[in-house]
Amino acid sequence: MKRRVFSGARPTGKQHLGNYLGAIQNYVSLQDEYQCVYCIVDIHALTSLEDTGGLQKNIHEMMLDWLAAGLDPRKSILFVQSHVPEVMQLHTLLGMVTPLSWLLRVPTFKEKVKLQPHNVNYGLVGYPVLMTADIVLYKAEVVPVGEDQLPHLELAREIARRFNNLFGNAFPEPQAKLTSFPMILGLNGKEKMSKQADNDIEIALSPQETIERVMMAVTDPARQYRNDPGHPEVCNVYSLHRYFSPLQLDDIATQCRSAKIGCVDCKVLLAQEINSSLEPFRERRAILASKPRHIVDVLADGTQRAQIIARETLREVKQKMGLI
Ligand code: AMP
Ligand code: TRP
């Protein structure tokens with residue numbers, strides 16, 4: 001039996017380069033070695049969404065990106081979290097073995113309290129418990145995520161361990177698996193790329209839109225005039241070249257340091273490289289977008305396969321806890 005991988009991502013709609021390099025490519029590369037379960041976590045999204053009107057559209061757009069990027073529904077289980085409601089039961093049960101103090105010290109919780117002081121809801125505190133339920137419901141051993149999720153994974157291991165100690169061994173302790181791009185910075189070069197901060201580059205943009213977006217990127221702040229020498233090691237555009245222009249990397253660095261190439265030229269080059277690297281993805285996406293039924297079918301099939309595993313685990317948990 002192949003070992004199992006689980007990961008989830010919030011339904012943020014069209015995916016950006018951070019999601020693509022930090023998560024999706026990792027998901028795709030694990031499909032042959034593991035049995036992979038990938039989930040769009042719509043219930044998690046409710047912890048910070050007040051307007052849920054765009055949720056269905058976001059799920060659809062995100063699945064289009066996932067499939068076009070190479071997630072294969074014949075290999076992996078792809079589904080939407082709320083379609084397998086067993087996770088909500090497991091969340092409640094795991095809540096009974098999770099000390100509140102563990103949850104209150106989670107860094108993302110503290111951040112959210114600052115970000116949405118008007119909406120510090122109960123679900124927000126339980127966010128990592130629901131995330132643990134996602135993972136252990138499928139007894140996943142490996143969890144591909146970005147760096148920002150490491151504290152959640154640590155907690156997931158602690159909750160799994162505590163359950164195992166209290167009620168008998170049920171869950172493997174899940175390990176995080178980082179990509180080689182665990183943190184892609186946004187266009188301002190300061191915070192992580194995210195839709196919320198409007199500092200992202202969506203992978204499904206047209207080539208022209210991609211150029212316009214890349215042009216907004218902040219480069220080396222010390223380089224004010226065209227002839228100023230640049231410092232590629234502190235430049236965010238250069239860090240994206242690392243992925244998209246690996247063969248030209250040394251040349252770009254030398255030309256930047258000697259001011260042979262200006263930031264505008266460097267960005268044009270980056271946009272061209274992004275566009276050519278994403279061309280096959282964009283073609284596949286256009287084909288998939290013309291068949292909206294396909295996504296519905298993929299999700300229905302994924303739900304069915306996920307639910308078979310979920311029911312089995314939930315039964316075992318209830319038995320161990322003395323509920324049945
Ligand atoms: P989110 O859209 O925040 O739910 O993230 C979905 C997945 O993409 C998670 O595994 C994140 O760790 C990853 N991710 C999101 N933004 C970035 C980023 N800027 N750099 C690297 N990984 C990211
Ligand atoms: N918390 C993750 C994020 O914000 C999403 C998520 C939910 C997740 N459940 C998960 C990630 C389980 C990995 C495993 O990106």
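Note that ligands are numbered from 1 as they come in the structure, with each ligand's atoms numbered from 1 the same way.
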(request) Answer with yes or no whether the side chains of Y38 and Q31 bring together a donor and an acceptor at under 3.5 Å. (result)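 Judged by distance alone, the side chains do not pair up.
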For the pair [X] and [Y], find out whether any cationic side-chain nitrogen is under 4.0 Å from an anionic carboxylate oxygen.
| X | Y | result |
| --- | --- | --- |
| K139 | E316 | yes |
| E233 | R257 | yes |
| E147 | K192 | no |

(request) Using ring-ring contact (aromatic ring centres under 6.0 Å, His included) as the criterion, point out the one residue from Y20, F6, Y34, W66 that pairs with Y27. (result)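 Passing option: W66.
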Between the protein and ligand 1, are there any N or O atom pairs that come within less than 3.5 Å of each other, and if so, what are their names and distances?
unit_1, atom_1, unit_2, atom_2, d
ligand 1, 2 (O), N19, ND2, 3.3
ligand 1, 3 (O), R10, NH2, 2.8
ligand 1, 4 (O), R10, N, 3.2
ligand 1, 4 (O), R10, NE, 3.4
ligand 1, 8 (O), N19, ND2, 3.4
ligand 1, 10 (O), G146, N, 3.4
ligand 1, 12 (O), G146, N, 2.9
ligand 1, 12 (O), D148, OD1, 2.8
ligand 1, 19 (N), I184, O, 2.8
ligand 1, 19 (N), M193, N, 3.2
ligand 1, 19 (N), M193, O, 3.0
ligand 1, 20 (N), I184, N, 2.8
ligand 1, 22 (N), G18, O, 3.3

Taking only distance into account, with no hydrogens and no angle test, what donor-acceptor pairs under 3.5 Å do side-chain atoms of residues 282-290 form with protein atoms, sequence neighbours excluded?
unit_1, atom_1, unit_2, atom_2, d
R282, NE, I203, O, 2.9
R282, NE, L205, O, 2.9
R282, NH1, N275, OD1, 2.7
R282, NH2, I203, O, 3.2
R282, NH2, L205, O, 3.2
R282, NH2, T210, OG1, 3.0
R284, NE, A68, O, 2.8
R284, NH2, A68, O, 3.0
R285, NE, D65, OD1, 2.5
R285, NH2, E61, O, 3.2
R285, NH2, E61, OE1, 2.7
R285, NH2, D65, OD1, 3.4
S290, OG, I287, O, 2.6

Which pairs of N or O atoms, one from ligand 2 and one from the protein, are separated by less than 3.5 Å, and what is the distance for each pair?
unit_1, atom_1, unit_2, atom_2, d
ligand 2, 1 (N), Y127, OH, 2.8
ligand 2, 1 (N), Q149, OE1, 3.0
ligand 2, 4 (O), R10, NE, 3.2
ligand 2, 4 (O), Y127, OH, 3.0
ligand 2, 4 (O), Q149, NE2, 3.3
ligand 2, 9 (N), D134, OD2, 2.7
ligand 2, 15 (O), Q149, NE2, 3.4

(message) Does atom CD (Q304) have a neighbourhood of more than 12 heavy atoms from anything else shown, all under 6.0 Å?
(response)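 Incorrect, the count does not exceed 12.
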(message) With a sphere of 6.0 Å drawn around CG of D250, does it hold more than 12 non-hydrogen atoms of other residues, nucleotides or ligands?
(response)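 Atom CG in D250 is not packed in, count stays at 12 or less.
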(request) Keeping to residues at least two apart or across chains, list the side chain to side chain donor-acceptor pair (under 3.5 Å) pairs with something in residues 90-108. (result)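 Counting only pairs at least two positions apart or across chains, the side chain to side chain donor-acceptor pair (under 3.5 Å) contacts touching residues 90-108 are T108-H152.
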